[in-house]
Amino acid sequence: MNCIICDKKFEKNVLFENDKIIIMLAVEPSVNGHIQIFSKEHYTIMEQVPDETLSLITSAANKISMILFEILKVHGTNIIINNGVSAGQKIPHFSVDILPRRTDDNLKLDWTLKQATPEALESIHKIIEDGMNVPEPQIIEEKKEVIQYQPEEKRTLNTNKDENNDNEDRYVEEKKTNFYHQIFDKIP
Amino acid sequence: MSEEDLKNMSPEEIAELQKQNCIFCKIANKEIPAKIVHEDADTICVLDINPASEGHILVYPKKHYMIMPHMPDDVLAKVFKSVKLMSHTLLKTLQCNGTTVFVANGVAAGQKAPHVLIHIFPRRENDGLVQLPKYEMSDEQIEKLKKELENYTGQVFGRRKKLVKEAEFVEKKQEPADVEGKEEKEEAKEPEIRPEHRERHHEEEKTHPEQRKEKSHDKKQDERSTKNSGKPESKNGKVDLDDIAKLFGG
């Protein structure tokens, strides 16, 4: 595995380590006091993380934001999970970022507020609801494979014989051609 | 309600007022209509009216909490279970390349409503949303920060240094046990050496078996005393090395 966290290249930053989570000062900080929480086991995105470890990580994030409130005397904290490279995930290991915020830090993490039209909202709502109701395609494929398993075996046996016959014919042909080639090679 | 009344109110009363006037509590109670994507016994997922990108979803607990640290762990677990579900559905339905989960605690962090809101929005490349800048820190700064925070993280999660100390303590405990084991091994080795000298001391052993036993006891005691007082093995090793060095020098 070529993972910076699993290889323990930032051991000096670690604040706390457990058999489930790692709490450390951020590898690439964006504010003074930026903290990251990693899962001990290697997961790249949030969908792979089991619920138990996710709850552990988020409760740890809560406690750490309380610590930041008390010790660094910050005015607020941001808890950010970037899922996927296009979302700005820099390390291919699932992490929760905790950023301490002050009123005068000039960080612009917010987005400009735009009022969405009710039509656009409805169309997206439909798309998402339809997507939620559709069962996942992977499960169906697996079931089909299981049902069609036995007849396929028989077919493959029959086809194998045919293929073998074909192969023998080809083999003979190849031999012939090779023989002629050999003769031609020997003439000069 | 005039502004003077608000100024005279205690913070607890203001909190209660906020609870009563909270839009998101009203949405959860279905007093205000909204596009509900997913609903649970404790959580609710709604489309945001002011989206950062198409498909922006808000996940929040139905009970009123001001900021995320106020939430107890069991509620948090349920909320993040539905967060995981929503980000999965966004990835599946809208064909985006990634999602961002964003929580703001406090007005300074960009919180706009007095109710915990967990934002999830789909991300596409070069969309210019939540971008974390780089902040360069020297090693000294990192160490200073670590020292500042380590004590408190130790209090909350359990101290890292303590673990190290316990490990050392265990090692120290194991040392005397090892010494005893070595002694036993030495005792076991003794009979192997005896046959070589059996011919010389054969008569002595026969004549004074009790005396020999006493001698052996004395030897053991000597060994123990030397081991307890210091580490003779290491000293012996050093002496040997010195002797070898002398041989080369001479």
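Proteins get letters first, then strands, A, B, ... in listed order; numbering begins at 1 in each.
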Selection from [options] maximising heavy-atom pairs under 4.5 Å formed with chain B:
options	value
A/Thr103, A/Val85, A/Ile67, A/Asp105	A/Ile67
A/Asn13, A/Leu109, A/Leu68	A/Leu109
A/Gly84, A/Gly131, A/Ser30	A/Ser30
A/Gly76, A/Pro118, A/Ser55, A/Pro29	A/Pro29

Side chain from CB out, backbone as N, CA, C, O: work out which of these in [X] comes under 4.5 Å of a heavy atom of chain A, or both, or neither.
X	answer
B/Val156	side chain
B/Ile49	both
B/Asp139	side chain
B/Val79	neither
B/Lys78	neither
B/His70	neither
B/Asn97	both
B/Thr99	both
B/Ile36	backbone
B/Gln131	backbone

Which distance, rounded to the nearest 0.5 Å, do you find between the [atom1] of [X] and the [atom2] of [Y]?
X	Y	atom1	atom2	result
A/Ile128	B/Lys92	CD1	NZ	11.5 Å
A/Phe16	B/Glu150	CZ	CD	11.5 Å
B/Leu76	A/Ser59	CG	OG	7.0 Å

A/Asn62 and B/Met71: which non-hydrogen atoms are nearest, and at how many Å?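 That closest heavy-atom pairing would be ND2-O, 3.8 Å.
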A/Met46 to B/Ser87 - nearest heavy-atom pair and separation: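 Smallest interatomic distance, heavy atoms only, reads CE-OG, 3.6 Å.
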Mind checking whether [X] and [Y] have side chains closer than 4.5 Å, heavy atoms only?
X	Y	result
B/Leu145	A/Asn32	yes
B/Phe157	A/Asn18	no
A/Ile81	B/Val103	no
A/Ser86	B/Arg124	no
B/Leu91	A/Asn83	no
A/Asn82	B/Arg123	yes
B/Tyr152	A/Lys63	no
B/Leu132	A/Ile80	yes

Is there a salt bridge (Lys or Arg N to Asp or Glu O under 4.0 Å) between A/Glu122 and B/Lys35 once you walk through the steps? CA-CA 8 Å; A/Glu122 249 184 42; B/Lys35 302 287 177 196; 3.5 Å; yes
Show your reasoning for whether side chain to side chain contact (heavy atoms under 4.5 Å, CB included) applies to B/Tyr135 and A/Val31. CA-CA 6 Å; B/Tyr135 180 83; A/Val31 212; 5.6 Å; no
Pick one of side chain, backbone, both or neither for [X], based on which atoms fall under 4.5 Å of a heavy atom in chain B.
X	value
A/Val49	backbone
A/Asp110	side chain
A/Leu56	neither
A/Gln115	both
A/Glu47	both
A/Lys12	both
A/Leu25	side chain
A/Thr58	both
A/Ala60	both

Given B/Leu47 and A/Ile124, is the side chain to side chain contact (heavy atoms under 4.5 Å, CB included) satisfied, shown in steps? CA-CA 9 Å; B/Leu47 281 181; A/Ile124 289 164; 4.3 Å; yes
With respect to chain A, which residue among B/Lys84, B/Glu136, B/Glu125 yields the maximal number of heavy-atom pairs within a distance under 4.5 Å?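 Result: the option with the highest number of such pairs is B/Lys84.
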